[in-house]
Amino acid sequence: LPMAFRDVNARRHIGLQQLSALALAGRTLLGPMKSCKFIVDESTNQSTLICSAVRLIESLDLTSAAGQLLNETIQAQNKEFKTGMSTLLFLIGAWSNAILECLQQNVPISAIVSLMSEGLNSCCERVQCLQISIQDVNKELCSSSVRPSAFKSKTCQTGHDSLLNPQSFLYFQKDISVPEEVIPINSHSRQEDGCNFNKCLVSPLAGLGSIASLVKPAGDKSTSVISGSGVIASSYNKQKLTHSRYFSTLGKSHFSHQQDNFQGYLSGQSADPRECYGLGHLAMTLSHGNQASMKLLQSIVAYQQERAECSGSSQFNIAEVVTCCLLGLPESYSCVSPGLVTLVSPEQATVIKYIENKPLRILLVDGDLTEQYRHLGFNRPCNVRTILEHPSLQEGRAGDLWLSRMLDILINFEVNLVLVKGNVCENLMERCIANSILVIGSVTRDVLCAFGEVTSAQPVTYLTQLNSSCVGNGAQVDLWKACDGRAMDLGELVPARVKVRGIPLLTAVLTTTVASKMQLIEDQFWTLVYRLHHALNDEKVFLGGGAVELLCLSHIRMLAEQPLQPANKNAVKEFHNPWLAASATEYKSVVLQALASGWKQYLSVVMCNTAKAASELEACTSIDHHLKKAAGCGSPSAYILKEFRRGDLLGGGSGLFADHGEGLKVYDNVTAKTEAWRRALDLVLLVLQTDAEIITGPKRNQLLNSHMSSEFTFL
Amino acid sequence: MSRLEAKKPPLFISEPLAKDTVSQSLSLLSGILKSCYGPAGRLKQLHNGMGGYVCTTSQSSAILSRLSVSHPVLSVLTASVQNHISRFSDCGLFTAILCCSLIENFKSLNVASCTVIKISKHLLSLCMDYLKSEVCGCRVSVDFSSLETLLCLVRSVLTSKPACMLNKPEVDHLTMLILKAFMFTVPCHVETNAVLGKCVIVPVKGRRVVDSTVLPGLLIETPEIQLAKPLAVKRTCSNMIKIALFCVSMSGDLFNPEEGTITVHHGISLEMSELNQLLNVGKQLINDEVGLVVCQKVIHPSLKQYLKENHVVAVDRAGLSLMEPLSRMTGSKPIASIHSLSPCCYGSLKDVRIESFASKHFVHLIPPDTVVCSLILCNRNETAWDELKRACETAEHVLQLTMKEPLALLGGGCTETHLASYIRHKSCSLSSSSFKDMDCSRTQYQLVADGFCRSLESVACSLNHDGGEILTDMVYGHCWFVPSGFPSVSNWSDLVSKCGCGINGNTENLNWRLLQGQFGSPIIQGCPKDPSVKVSDFLTLDCFAAKCSGLQVALETANLILDLSYVIEDQN
């Protein structure tokens, strides 16, 4: 009789308590200033460093049903968006607590469910006014109108930073004839020159150039402007400007502030937003202070946009980005490199030295490269016996036969480079190395596709399928070198780079000397990449820095105050459901308060984490102050928009996330954010409506004999 | 050497229903099912307690299929409810709750079970006659020329499953999609034997519900096809695409001899000969101008390469579940052997495209006329998606049943209370000759009829999960709900707004009474009236066929269980 049954106590809902306890661990992961956590496994004494909700959840014990559902929810958000998981986790905890309080006050469950989900719906509609289209974001820094007067006082301060840029430009553009003293005009001409310059500079990158950037640790402002050097690019000049795309952006933004101060000089100046900023600016506003990843992303964007202009492909393609983690190099060596960077053995490295910089014939293998490998779905016959009637000594072992046949095929087709999706037989690898054929295994499908596209190689599953149309041309391979040409000594493995002229594929080489940070850096990089991806998919972004949450709070306050009647008048046209809506009016304000408390806690915890507020109490006071002012001025959204533009939202600066670069706006993804809210509420309401667990299978007998058996009923 | 063990004698249990354990288990099961009922029903988490998949549901089909009960009495009950579900999809909880209630109510009567059975059969026939008659006050006829009633039917199914986690716009969106999908499955040109087509649900988990959509034709998921390249498919002279459908594996592994060993000489490769055979098939397909090859199982990469080089699109791993609709849609016969190919097996398609949803890529096969469609169903997480899938399948089935019998019953508890008041009224006016036929006294009949009505009403009461009162009115016999927190002496007309199904408003004084109050249930003087209101939008409606069957199954199962006098258990 494999079934046990546990009643969930209605007033102290066990499931909600579990959710709230699990979510509590994620508090410090909220906002742009995250505190990392060490998770220690007491049985093995191993520990992991985590800095995101996904990794946290992965490392927790989640055998309870609510824990499982929590895990499922976080993983689903991660799979879909790669961002918003911390928000999701936090709100799950906050709303669980708030609902537990509602239950304490005897609010019926159906009233909580219908009011909360309608409340969230209404908020999601309300905050649409805080969306900005991508075009507007791009225009924002180009046009001067967005810079309100409040910023002027800070111009001197920022001017110091911005000076670094024009100077570096001037240093290289010696033939510029405009006198330096006339700042507005100067800046104008520099902008244009910068743009043109960039254009002609990035084009060689479409070939075999390397976009290398030297990324300094965040906060080191004085040096962060120095860009890295290319590996192949011969002139320093070029290297400098490869990277100046972003810096010219920053410089330009300051110039536009200055234009503000020098109004009249340059009115009517207009620039094509895409031309001057492209997606680099958007990437910056979405980076939320993650400087290192942002600079890598900006390099990627610059490269891809340049390609997009030539080929008309999409502006930003996430499938054309891969990462390669190099442990043992300082973090400042992280960079973006066209083609595929991957780790190879020293033996393979010797082959690379031999075939370096020669045009190679490339083969793509869509499976394992071993004798035993058969395509998926092939069932090996079990009852076939082979007999050999006339044994002859000349024929070697069967394995050798296969090896030499495969090698013959490769040699006949003059293949020098083989990219394999799966594993590679070690003996074959040795034989290939001896014949100067480079075989690289464990290459992902996307990478194979990218190489297939530019070399016109057709992926094959077996080498026996090979015909001349399957082999591609024009690949090159070399050993990857850091931007300063430093030789890699990473122990066993050596980074190598495979590239083809015009390949859309980019590798973000992520470096660190701290092993436990590797995963963290990779996660953060991908989070930012996906944020940009989703922003472009949504074609709009939210105002960041807590603006959206603040508007939700003020909207809920309004909902709670307004009588429910307007909704009831429409009820004639609505689906009648007395079992859900009947008791709603009575509990409206309590339940809506519970919904609001989620966002309020979210804001206050972010403010505390970013040290904008010393305590949650202080944070709440500041939030209340804003809410009061918002309500007072008639249109809360207008107030929030104004404060956001002034950069004065919640704790000064430009919002909660103002630490990096003055005057920088912060934006959030629209769908990822509202979906995180919805998923959080869905999970909490799903658990709330659950009144019993039914346990089936072998566990039931364990329960019967355990001390917990009194909690269960056995059917 | 094995040792023989003496057989244990079978265990003989008399009067199983009188045992405490049985009645306890029965009331626990009844409690579980009652708590799940309706749009505000509570959910159950079904899991193995060891961190595996958690199924959150309130649907009888999911609960009963995972719940294993030990006692034969309970197994009889669950088996017959599951049988009902497999035939009708809907009204499983109604059937199970009613059955449990009937057993409990009849057991507590001091009437011999054979008499109870006779009387209850009579009551059932009264109900069925009434439900099938034109005067029936709790049914509405479904007009297929307008959408409203159909939408109500679908919407009622969706909203009664809270674990789907749908909000209002999402319910509206899905309701439309399900109806649209159903319309696709209705053939345009009906000959003598009209057969409904099929709607295939394609899972896209992790997406918003509003991203769900319906497409005519079928989708086959393919990871391999690169989107950048437009599909160039060979077409026949009539601009159609010839399709060959294989249900045999084309992976090039050996045909599977049942037993024995094959002995081959060294140097002979069976794999190669098998592959050559496949390539011969490929050659014939190309000669026959086939443009698209779909295989249920795997196609050998070499054959795929060969076909591709000859501009034939090959799609493999279509899966067993797609084979029947594929063959139906394209008019092709699934080819079960790679040794003989008959040209009459080929079917035709209007178009083939590539579609992508979320991160999944599909080959979209578009037929000349649609009786097969694909519902791309999205929901945010796994457990809610599974629940939603079951709900959609139920809704689709309900529409099919309604097509056969274009009637619907009022939902929200109104049919139950209306039927109860009809039976109460009818049982008073029965002639004494009927009692003689049933071999019972009027009192016995009244007792059983009262138990039957209370059982029906207890199903309606199970809709309420948050306290409050359930009322019925003395005019229409409908079911009304008053939220908790009001003193029960206040004037009911101030507190009620609409009846459970939504057809009656609080416009006239309907003389409300507490359902199952302490003074017993009221008896209406006349027959409960048919609300002569025109069927408006947004009614809660139930599937007529499913509910009628549920009523019958519940009563017959209850009778069967009441009639059990012995359980013989084999202990070996």
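Small disclaimer: the values here were computed from a predicted structure and weren't measured. Chain A is the first sequence line, chain B the second, and so forth, proteins listed ahead of strands; every chain is numbered from 1.
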(message) Heavy-atom pairs under 4.5 Å with chain B: which of A:Glu80, A:Gln77, A:Arg678 has the most?
(response) A:Arg678
(request) Kindly indicate whether the side chain of A:Leu685, heavy atoms from C-beta on, has any atom under 4.5 Å from the side chain of B:Met165. (result) yes
(message) Nearest 0.5 Å, please: how far is CD in A:Gln68 from CD in B:Gln45?
(response) 10.5 Å
(request) With a 4.5 angstrom heavy-atom cut-off, could you sort out which part of B:Glu387 is near chain A: side chain, backbone, both or neither? (result) neither
(message) With heavy-atom distances below 4.5 Å as the criterion, would you say the side chains of A:His375 and B:Ser251 are in contact?
(response) yes
(request) Report yes if the side chains of A:Thr461 and B:Lys304 come closer than 4.5 Å at any heavy-atom pair, otherwise no. (result) no
(message) Less than 4.5 Å to any heavy atom of chain A: does that hold for the side chain of B:Ser302, its backbone, both, or neither?
(response) both
(message) Quick check for you: among B:Asp172, B:Asn48, B:Thr21, B:Asn381, which has the greatest number of heavy-atom pairs under 4.5 Å with chain A?
(response) B:Asn48
(message) With heavy-atom distances below 4.5 Å as the criterion, would you say the side chains of A:Thr696 and B:His47 are in contact?
(response) no
(message) At a 4.5 Å cut-off on heavy atoms, which part of A:Asn121 comes close to chain B: side chain, backbone, both, or neither?
(response) side chain
(message) With a 4.5 Å cut-off on side-chain heavy atoms, are A:Glu72 and B:Thr383 touching?
(response) yes
(request) Mind checking the CG-OG1 spacing from B:Leu275 to A:Thr464? Nearest 0.5 Å is all I need. (result) 8.0 Å
(request) Sort A:Tyr462 into side chain, backbone, both or neither according to what part of it lies under 4.5 angstrom from a heavy atom of chain B. (result) side chain
(message) Only pairs of heavy atoms separated by less than 4.5 Å count here; which of B:Glu309, B:His300, B:Lys205 has the most with chain A?
(response) B:His300
(request) For A:Asp446, enumerate each residue passing the side-chain hydrogen bond (donor to acceptor under 3.5 Å, both in side chains) test, keeping only those at least two apart in sequence or located in another chain. (result) none
(request) Compare all side-chain heavy atoms of B:Arg317 with those of A:Leu376 and state whether any distance is below 4.5 angstrom. (result) yes
(message) Please classify the contact of B:Val298 with chain A as side chain, backbone, both or neither, using a heavy-atom distance under 4.5 Å.
(response) side chain
(message) Nearest 0.5 angstrom please: B:Gln305 CD to A:Gln458 CD, how far?
(response) 8.0 Å
(message) Is it the case that the side chain of A:Asp691 and the backbone of B:Arg42 share a donor-acceptor pair, with hydrogens and angles ignored and the cut-off at 3.5 Å?
(response) no
(message) At a 4.5 Å cut-off on heavy atoms, which part of A:Leu688 comes close to chain B: side chain, backbone, both, or neither?
(response) neither
(message) Between A:Gln465 and chain B, with a heavy-atom cut-off of 4.5 Å, which part of the residue counts as in contact: side chain, backbone, both or neither?
(response) both
